[in-house]
There are 2 protein chains.
Amino acid sequence: MTSDGFRLTRQRRAILDELRKVTSHPTADELYEAVRRQCPNISLGTVYRNLETMSANGIIRRIDVAGRQMRFDADIEPHYHIRCVHCGRVDDVGSSTWDRLEKLASESTEYEVLGHTIEFTGVCPACKERERSG
Amino acid sequence: MTSDGFRLTRQRRAILDELRKVTSHPTADELYEAVRRQCPNISLGTVYRNLETMSANGIIRRIDVAGRQMRFDADIEPHYHIRCVHCGRVDDVGSSTWDRLEKLASESTEYEVLGHTIEFTGVCPACKERERSG
DNA sequence: CACCATAATAGTAATGATTATTGTTATGGG
DNA sequence: CCCATAACAATAATCATTACTATTATGGTG
């Protein structure tokens, strides 16, 4: 076989397009709602399965942020996130990872340190506005 | 009424004792199993309800780490955690919070920054041993 | 000490996100 | 054109957590 059997179907294209369009790190069901405009009878299971497949293949990144739902990111470069404590929205924090932190962690535990994430919490601009007017 | 109606029941005492005994930041069902030795017919719902009540009252801390389950900590002082990518165990990283990080985050987003967590990932000593022997 | 309002409980049902299953459809190489 | 199989839609199952309900326990007051 010449290809590895990975087919870029209409559904996958739609999910990927939608994910690349936004900066909000959407949840599976948010993507499902958005993608339904292109593929009206796509299944939620299909969205989940393809998000899983694509993150396993390194095409996208699954971010396991605090809260009940997984979120997804078209940016596969390592970077930090900030999460709104009101609405759950997740945005990027423009800063690169800091290797010194991992050294610090490995010195103070018996763990073999593999990586780290920093998650900031705060109030996003939209919620600040809603607070002010509401 | 003189008191605020908070009763330190046998069940609450047992949950709190168990949580203070360990450093592994157990999940609700782990605490449930442990507490059953003291209170054989305690309900899982009671464990959840009291963990919720006690963390709302600031007696304990609920930590929302990556992964599907909530974890709980008797140490209410702010500190960082490290999570084993194999077994999910969570331990402390001996380092204090770093305010400069939050300033950095607020400068690169439009958020009003309220806080942050750092979660390290790695392999805990028990899993390292299991890898070596298994 | 007995009473009573109510906090808290055990047991169970419901919820919500995710994963698994199943039978069907679509695709692309030979 | 055919066939193996990747992928699909629809739906059922799972798992952590929360909500509900009827019952029990507690502690202050008369």
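Proteins get letters first, then strands, A, B, ... in listed order; numbering begins at 1 in each. Side chains included, hydrogens not; waters and symmetry mates left out as well; all remaining heavy atoms used.
Using a 4.0 Å cut-off on heavy atoms, the residues of residues 21-41 of chain A that approach DNA chain D are A:Asn41, listed by number.
Between A:Arg89 and A:Asp91 there is a salt bridge, since at least one side-chain N of the basic residue sits less than 4.0 Å from a carboxylate O of the acidic one.
Within 4.0 Å of A:Gln11, counting heavy atoms only, lie sugar-phosphate atoms of the nucleic acid but no base atom. Nucleic acid contact for A:Arg12: sugar-phosphate only, since backbone atoms but no base atoms lie under 4.0 Å from a heavy atom of the residue.
With D:dA10, D:dT17, C:dA17 as the candidates, the nucleotide lying closest to the side chain of A:Ser43 is D:dA10.
Annotation: cation-pi geometry satisfied between A:Arg12 and A:Phe6 (NZ/CZ under 6.0 angstrom from ring centroid, within 45° of ring axis).
Residues B:Met70 and A:Arg49 both approach DNA chain D. Their nearest nucleotides, taken by heavy-atom distance, put A:Arg49 toward the 5′ side.
Side-chain heavy atoms closer than 4.5 Å link hydrophobic residues (I, L, V, M, F, W, Y) into clusters, and following such links, possibly through other members, connects B:Tyr48 to B:Ile42.
The only member of B:Arg61, B:His79, B:Arg20 that meets side-chain hydrogen bond (donor to acceptor under 3.5 Å, both in side chains) when paired with B:Asp73 is B:His79.
For C:dT18, the OP1/OP2 oxygens have a side-chain nitrogen or oxygen of A:Tyr48 closer than 4.0 Å. Note on B:Thr46: a side-chain N or O is less than 4.0 Å away from OP1 or OP2 of C:dA10.
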Between the protein and nucleotides 22-27 of chain D, list the N/O to N/O atom pairs that are separated by less than 3.5 angstrom.
unit_1, atom_1, unit_2, atom_2, d
D:dT26, O2, B:Arg7, NH2, 3.1

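Scanning for side chain to side chain contact (heavy atoms under 4.5 Å, CB included) contacts around A:Arg68 gives an empty result, with sequence neighbours left out.
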